[in-house]
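Heads up: the structure comes next, in structure tokens.
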Amino acid sequence: MVILAASGIAAWAAGGWRLKTWIGASGAVLGCAVGIAASVPALLGGASPSLRLPWDLPLASFSVAIDSLSSFFLLPVFGISALAAIYGAGYDRPSPEHPRPSGFSWLWFNLLVASMAMVLVSRNGILFLMAWELMTIASYFLVTTHDERPQVRRAGRIYLIAAHAGTACLLVLFLLLGAHESLDFDRFSAAGPGAAAGAGTIFILAIVGFGVKAGFIPLHVWLPEAHPAAPSPVSAVMSGVMIKLGIYGLVRTISFLGEPPLWWGWVLLVIGLVSGVLGVLYALAQHELKRLLAFSSVENVGLIAMGLGLGLIGMARHSPLLLALGLGAALLHVMNHAIFKALLFLGAGSVIRSANTGEIEHLGALLKRMPMTGATFLVGAVAVSGLPPLNGFVSEFLLLLGAFAAVGTDKLPVGIAGVAVIAGVALTGGLAVACFARVFGIVFLGAPRTEAAGSASEANALMRAPMLVLAAACVVIGLASPWLLPILARVLPVVTTLPPDVPAPDLVSVRPALLGTSILGGVFLALLFLIHGWRSLLLRRRSVRDAVTWDCGYARPTPRMQYTASSFAQPILGLFAPMLGTKVSSVKPLGIFPPRASLETATPDSFRERVFRPIFVEIDRFLASVRRIQEGRVQVYVLYIALTLLALLAYQFVRNP
């Protein structure tokens, strides 16, 4: 963390954009490499290092430690951030459309990574909240990098308000947990769930406070605003790993509260189902590439919440298998989503930088002009759709195994939960396939829809290399998943609370099922490469030429005759139109030779428009009405203080006469 902070400050103070970029990126990579080296031993069964220093701050101590849970989350934080820094070194090269970058961005990027790491190793509530607040401030300045644009400033305000609303809940949460006048995490465990308030109250505060950062519906409204506004490397870090710190905080809080009641699992399960289904539906309706990916993150966080809910139900019902499969699937999907969502955001950044637009309807045929970006984006699209043999399939497969295990029990509430998870995963998986088939087909296939898309070119080597690494990770984790189960199994004891007479959760017991999928996936990939090599060998000595596609008799086909993103999604979105509230505006063709015709669709976020906007309008109206008490004269403010003191004295007198 010292390396990260020092290099960020040095990049800010350095002169010249090349030197700023070199210092910021190399410092980020070096700091992340040191962080990975320090984190891995705790995850592999080694010692858990800790440090505690005195701190002259009430209720605070500089207490840090790395256990298996922290280590598991530290790996994607450092790994994705290092790759994003390398990508950013190529992304930040100045061009006519993209002016010279500022060292200010590297300062906040490196501080963001350092603050995320501090959140994960903090073992004191005050230290945790300070790191959490630094993470919020750093990400806010990164989101508003291009603050000359009104929509970017608006996105930054929405994010800051949402983040601080969540932090307010976390402040109350830690105050309730610190019933023994200490905010050290080890005292929370000793105090038990009912120290100063019911465990249920603390759990709900954790759902709201950490759910804002994670992006649970309806607390997700900042995600689709902030991600399109931020630079693509920042979006990759925020969506890939920063929102997972909300999951970490929720899991860490659950570990303090002892054995959970059944309704905790149902709350998370319902949140997961709603977030998963609505998240992918909103993603399917979007026209801007990064906004679509932001809603896709909401969907995947919903899958993680389903796994957590299923695991808590297993913990409440003393079912070690259900507990292991639910929590194991959730944790594995945290890692998988970090990898493939970072890959997709980096791919989107390459497309936007090359074509100078993120509007899906303005792109097309980029696979020929950007083959490496297109191929890696395809890997990410297959992974996020949960298709075998990539990593997204493995975690969803574990979740389905847990759901079928729940259905096989003789307890009705557990069986209903299993059926709900099966239906939710099936629906979100099918919609995700449609969503990313639409994205890849419209963006990378067909004919270019604009001149900018037709003149696009491949990203530079610094931008391509991280995408290749992430794409390879999607394949490797998908094939090597049976051998990753022991690592996941080391994380579960930190979270689980079971009676002594109940066997410990054994995640390794499902290895045979994953082994079969890995073997079949390996055979499939081998056949794919074999067929591709055979085709290349057959065509090597033949002349291959391009020809115009048969056009059904049209003499001059144009790109406007292609399927659009809206037309691709309309049959599906039409089924959910009452739920989504899609707005359609059209100009119908009139006459034999109509001068113009158009059709536009927009699907605004219903929660933002129908829930939060009316609330903030009323708050604004109320604050405007009480603004008159701000007189601007010191005498009036002194009078307010005097009246307040008198009121407090009167209250004290009435209470203790």
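All heavy atoms count here, side chains included; hydrogens, waters and symmetry mates do not.
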Self-check item: Residues in salt bridge (charged side-chain N to carboxylate O under 4.0 Å, His left out) contact with R291, at least two apart in sequence or another chain
Solution: E225
Would you find a donor on one side and an acceptor on the other, under 3.5 Å apart, between the side chain of [X] and the backbone of [Y]?
| X | Y | value |
| --- | --- | --- |
| T145 | L142 | yes |
| K20 | W12 | yes |
| E288 | K290 | yes |
| Q562 | A447 | yes |
| E396 | V425 | no |
| T144 | D147 | no |
| R353 | A459 | no |
| T517 | L514 | yes |

Separation of [Y] [atom2] from [X] [atom1] (nearest 0.5 Å):
| X | Y | atom1 | atom2 | answer |
| --- | --- | --- | --- | --- |
| I352 | S232 | CD1 | OG | 5.0 Å |
| R464 | L462 | CZ | CG | 9.5 Å |
| L74 | M116 | CG | CE | 10.0 Å |
| H362 | T450 | NE2 | OG1 | 7.0 Å |
| N300 | S275 | CG | OG | 11.0 Å |
| L19 | I23 | CG | CD1 | 4.0 Å |

How are the rings of [X] and [Y] set relative to one another: parallel (under 30°), tilted (30 to 60°) or perpendicular (over 60°)?
| X | Y | result |
| --- | --- | --- |
| F393 | F397 | parallel |
| H220 | F607 | perpendicular |
| Y563 | F568 | perpendicular |

[X] and [Y]: side chain donor to acceptor below 3.5 Å:
| X | Y | answer |
| --- | --- | --- |
| S350 | Y87 | yes |
| K213 | T136 | yes |
| Y282 | S606 | yes |

Side-chain donor/acceptor pairs under 3.5 Å, residues 339-349, sequence neighbours excluded:
| residue | atom | partner | partner atom | Å |
| --- | --- | --- | --- | --- |
| K341 | NZ | L293 | O | 3.4 |
| K341 | NZ | S296 | OG | 3.1 |
| K341 | NZ | S297 | OG | 3.1 |
| K341 | NZ | H337 | NE2 | 3.2 |

Is there a side-chain contact between [X] and [Y], using heavy atoms and a 4.5 Å cut-off?
| X | Y | result |
| --- | --- | --- |
| E359 | L363 | no |
| V439 | F377 | yes |
| L284 | V280 | no |
| M335 | F72 | yes |
| V113 | F109 | yes |
| L470 | I80 | yes |
| L292 | R438 | yes |
| I86 | V29 | yes |

Identify the heavy atoms of [X] and [Y] that sit nearest to each other, and give their distance.
| X | Y | result |
| --- | --- | --- |
| V443 | V351 | CG1-CG1, 4.4 Å |
| H227 | S235 | O-OG, 2.9 Å |
| G328 | L488 | O-CD1, 3.9 Å |
| S481 | S518 | OG-OG, 3.5 Å |
| R369 | A365 | NH1-O, 2.9 Å |
| N110 | S7 | ND2-OG, 2.9 Å |

Self-check item: side chain to side chain contact (heavy atoms under 4.5 Å, CB included) assessment of T373 paired with M463
Solution: CA-CA 9 Å; T373 298; M463 297 170 68; over 6 Å; no
Quiz item: Between F295 and D605, is a side chain to side chain contact (heavy atoms under 4.5 Å, CB included) present by the stated rule, with each step listed?
Solution: CA-CA 10 Å; F295 274 113; D605 190 336; 4.0 Å; yes
Quiz item: How about E148: does its CD atom have over 12 heavy atoms from other parts shown lying under 6.0 Å from it?
Solution: yes
Practice problem: For side chain to side chain contact (heavy atoms under 4.5 Å, CB included), just list the numbers for M242 and L112, CA-CA rounded to whole Å, side-chain angles, deciding distance to a tenth of an Å, and then say yes or no. | Solution: CA-CA 9 Å; M242 192 191 76; L112 172 62; 4.2 Å; yes
Quiz item: Where do I9 and L107 land on the side chain to side chain contact (heavy atoms under 4.5 Å, CB included) test, with the steps shown first?
Solution: CA-CA 6 Å; I9 295 171; L107 167 66; 3.8 Å; yes
